Amino acid sequence: MNLHEYQARSLLKAAGIPLADGEVATTPAEAEAIARRLGGAVVIKAQVHAGGRGKAGGVKVAAGPAEAAERAAEILGMQIKGLVVEKVLVVPAAEISSESYVGLILDRASQRPVFMVSAAGGVDIEEVAARTPEKIVRVGVDPRYGLLGHQALKLALSLYRDWNQARAAIRVMQQLYRAFMANGCSLAEINPLITTPDGRVVALDAKMVIDDNELDRRPDLAAMRDESAEDPSEVAARHAGLSFIKLDGNVGCVVNGAGLAMATMDLVKYYGGEPANFLDIGGSSNPEKVINALRIITGDPRVKVILFNIFGGITRTDDVANGIVAATRQFKVEVPIVIRLTGTNEKEALAILDGVGMTALNDMDAAVSRAVELTREAA
Ligand code: GDP
Ligand code: MN
């Protein structure tokens, strides 16, 4: 689950990281009032679940309250990476001497949190990572021991020569590590961590991603979910009890089981296609789930073909077939459906599909290659 910057700030602030106090506004008038309370120059910041807001024009400095209202009017309602800005954060503006990057991610390969820091922080960090990866220093942390003194020192000295600043950076990294572990994060990032002209080290931005598995035991974090900022198809899928991840391709996939869903996506790519989503309808066979899945997938205008890949075990293929038939009666499916099913109650499933003039393939390769072929014909 992605957090907004203002939410991540509150968690990092609670952990002791130096961050200015700000407030959230949903109208220019509110932004103006906050700016008046804060006094001095402020920064108006789009609160959307996307990075690169600065480059997209979603982060703007305002000299005072009147200008804060103007900048907020520009940012509210704008789109950043397809997401509409509904809220802005208003914070006191800082003067910047240098911008560093401090990130902590859960690295599955080494099975531990890994710090990544760079003295070349700021809005161009992706470019730094791509072009000059040697400017990023990485240190993996063994969760049994936490961030060790020598590790923190190495990271901090790669950022600052000044001893007081290095010490401040060490504190920030220890606090970031604690916040990361305490809140079940898969990512926690400060970019930029700045130095001010008077030498202080301050965080200007905060990004946190909470592992969804943490949310059951942390209702306080779960309450931070902002469904209005999430992809509507992912919200609908979560409410329907489906494991669904929206992707950018045009082959809509409906599969039972996470492993088969992954394999199906691999095979779509192998045949030169691009999956529109990851979707696991799960182990139970409930026609309602199939209907919901089809409703969500057909809502994506990019989808050119829908591919079912069902390996019947606990999932009964006749239930899936009934779901497909019921869905096509409830709403119009404009794109072709390619069905591969095999396993439990396969004969019954084929009879159900036959009854409405549909067919199913038995072979996974045949179905996937057919689906990809249909996207080419549609193009
Ligand atoms: P992001 O682009 O989504 O990561 O948004 P950030 O919050 O990191 O802001 C982008 C950039 O705006 C930063 O790298 C800074 O250069 C600039 N910026 C943000 N806050 C301030 C501020 O308080 N003062 C000044 N002068 N610049 C700021
Ligand atoms: Mn940033």
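None of the values given here were measured: they were computed from a predicted structure. First listed ligand is number 1; within each ligand, the first listed atom is number 1. Numbering of residues begins at 1 and proceeds along the displayed sequence.
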Quiz item: Hey, does I210 have a side-chain heavy atom less than 4.5 Å from the side chain of D212?
Solution: no
Practice problem: Return the set of residues passing salt bridge (Lys or Arg N to Asp or Glu O under 4.0 Å) with E74 (not counting sequence neighbours), or none when no residue passes. | Solution: K60, R71
Looking at [Y] and [X], is there a salt bridge between them, counting it only when a charged N and a carboxylate O are closer than 4.0 Å?
X: D319; Y: K289; result: no
X: K207; Y: D205; result: no
X: R138; Y: D107; result: no
X: K87; Y: D226; result: yes

Pairs of donor and acceptor atoms involving the side chains of residues 113-122, under 3.5 Å and at least two apart or interchain, shall be tabulated with distances.
| from | atom 1 | to | atom 2 | distance (Å) |
| --- | --- | --- | --- | --- |
| S118 | OG | A120 | N | 3.0 |
| S118 | OG | K135 | O | 2.8 |

Quiz item: Given the rule in the side chain to side chain donor-acceptor pair (under 3.5 Å) test, do Y271 and D365 qualify, once you have shown the distances and angles that lead to the verdict?
Solution: CA-CA 9 Å; Y271 282 109; D365 276 273; 2.5 Å; yes
Quiz item: With a cut-off of 2.8 Å, which protein N/O/S atoms are close to the Mn ion (ligand 2), if we only count those under it?
Solution: N191 O, D205 OD2
Quiz prompt | More than 12 heavy atoms from other groups under 6.0 Å of CD on Q111 | solution = no
Quiz item: So which protein residues pack against ligand 1 under 4.0 Å, heavy atoms counted?
Solution: V43, K45, G52, R53, G54, V59, A93, A94, I96, E99, V123, N191, P192, L204, D205
